[in-house]
Number of protein chains: 2
Amino acid sequence: MVWAMSQRSAGIIEEIEAEILNGKLQPGERLPSEEKLCERFNASRTVIREAIQQLRGRGLLRTTKGSGSYIADPSLDSLTTAMEAYASLVVEAGFMELIDFRILIETECARLAAVHAGESVLKELRQIVATMEKVQGVRAKFSKADIAFHLAIARGSGNRIYAGVLGAVERRCIDYAQTNRGDDDWYSGVIDSHRDILDAISAGLPDRAADAMRRHLLSSKRHFVDLGV
Amino acid sequence: MVWAMSQRSAGIIEEIEAEILNGKLQPGERLPSEEKLCERFNASRTVIREAIQQLRGRGLLRTTKGSGSYIADPSLDSLTTAMEAYASLVVEAGFMELIDFRILIETECARLAAVHAGESVLKELRQIVATMEKVQGVRAKFSKADIAFHLAIARGSGNRIYAGVLGAVERRCIDYAQTNRGDDDWYSGVIDSHRDILDAISAGLPDRAADAMRRHLLSSKRHFVDLGV
DNA sequence: TCGTGAAAGTTGTCATACAGATTTGAGCTG
DNA sequence: CAGCTCAAATCTGTATGACAACTTTCACGA
């Protein structure tokens, strides 16, 4: 049965998407030119282009001017942007759910990083902690370093999905935290927590790393609760 | 500083996206008409429309013909589709990472469900287990029930993010599992595991539920390893 | 007060044209 | 024959104009 489609592009999107998801079109492969697609779907170039734009928005295609549209490599970018969008929109309704989600994943990341993190990640983490001490009190820079710290650990976990998913929610959680507090000893408290985590990871102690991360994030969650979010 | 943008729409997307994500534009609110946006960005309608199409692809806008484009409600749909797309594309490269991700989240869901799940969810779970016994051996139906079981637990966790994220990866993991095995006692093994999980949840024992779920998923992971995925 | 219907506003689609980038390939050079 | 060059072909990006189809608005009349 064919459903009346309010938009010609909707059906085209479905069809191309299906071919990508079931592997008929492989990553890196080129999509037929817009003109060819016009013939195939018997539609104007306008419609074809709108379908391509939406698929680009979903992260399934990348387009090069003068060359063509190509099936995107498996990238976490689209997942990250979608997660970011959801995290933003849901901020009032389910912020606590987002925080719990973050705690679960980051605790696991810390545990894994204690086992898998290489010297380059450890070095990066040490540098970030040093930076945080320097910029103590400067909210924007401190926040940036804070995010970098957590993302570096996620990368150190060796699981790209954790890193991608976290990249999406991290910024929002931390920004939100810092716009709502600026006490002096709060900065040093965060730095101490980070140092604990770093020590456990670099000592290769998974459980201690997980525990330190969990305590750090739970204290941050408590602040939200206190603020009545 | 203004960067040379290969596409006029890129900058427009960024700007509108920012206004949505930082809350300047609220969910449900109407975007200015395409004509107005043309004036504001000093661009042709073609460019404006391409920007809107991409934002629709990202799930940030929904459009009604004859009325306008509206900021989307915080829906997990876009997150789910993005996750699904990633899960499909990544299937060869990082399937194990996806499985680990799933194990982490589902274990937590089982733990939470033991505390939060209401009678309606418990009833649903019991029905699903009963169904699985009936359709034992019929792969498609069994798979469908299997997915339903895990998703019901995710919903029972009380955290919508877990449910949304899982919805994306669940189908792929389970389908993949079942296309690679069909032994007779495998079916009964899965049912036994599910019953263990259900018992722990309905008894309100978080740790036992988490443990049962973890064992269930780890055994499923072992199969993949054995298959040399 | 409550429809009702015309008018205004808005998105969807088509056709055409050209700018600007990339790819291709024929022909030249060594 | 191998490799280079450069022009032609191909392809996407953008602009413009037009009209269809749908929604919203609002003045008018019962």
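Labels below follow one simple rule: chain letters A, B, ... track the order of the sequence lines, proteins then strands, and each chain is numbered from 1.
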**Contact pattern, 5' to 3', of nucleotides 5-11 of chain D - B, S or - by protein heavy atom under 4.0 Å** = ------B
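- To the nearest angstrom, P of dA15(C) lies 13 Å from CD of Glu39(A).
- Heavy-atom distances under 4.0 Å link DNA chain D to Arg45(A), Arg49(A) of residues 41-54 of chain A, given in residue order.
- Ring geometry for His194(B) versus His150(B): interplanar angle over 60°, hence perpendicular rather than tilted (30 to 60°).
- Between the CD atom of Gln7(B) and the P atom of dA15(D) there is a distance of 12 Å, given to the nearest Å.
- By the side-chain hydrogen bond (donor to acceptor under 3.5 Å, both in side chains) test, Arg111(B) is found to be paired with Asp207(B), residues two or more places apart in sequence or in another chain being considered.
- Using a 4.0 Å heavy-atom criterion, one finds that Arg56(B) contacts the sugar-phosphate atoms exclusively.
- Arg40(B) and Glu19(B) are joined by a salt bridge, as a carboxylate oxygen and a charged side-chain nitrogen come within less than 4.0 angstrom of each other.
- A donor-acceptor pair under 3.5 Å links the side-chain atoms of Glu97(A) to the main chain of Arg160(B), judged by distance alone.
- Nucleotide dT14(D) holds its P atom 16 Å from the CG atom of Leu37(B), rounded to whole Å.
- Taking the side chain to side chain contact (heavy atoms under 4.5 Å, CB included) definition, one finds that Glu39(A) meets it with nothing, sequence neighbours left out.
- A salt bridge is absent between Lys24(A) and Glu29(A): the closest approach of a Lys/Arg side-chain nitrogen to an acidic carboxylate oxygen does not fall below 4.0 angstrom.
- With sequence neighbours left out, the side-chain hydrogen bond (donor to acceptor under 3.5 Å, both in side chains) criterion links Arg155(A) to Glu124(A).
- Nucleotide dG12(C) holds its P atom 13 Å from the CZ atom of Arg62(B), rounded to whole Å.
- Considering only residues two or more places apart in sequence or on other chains, Glu133(A) meets the side-chain hydrogen bond (donor to acceptor under 3.5 Å, both in side chains) condition with Arg195(A).
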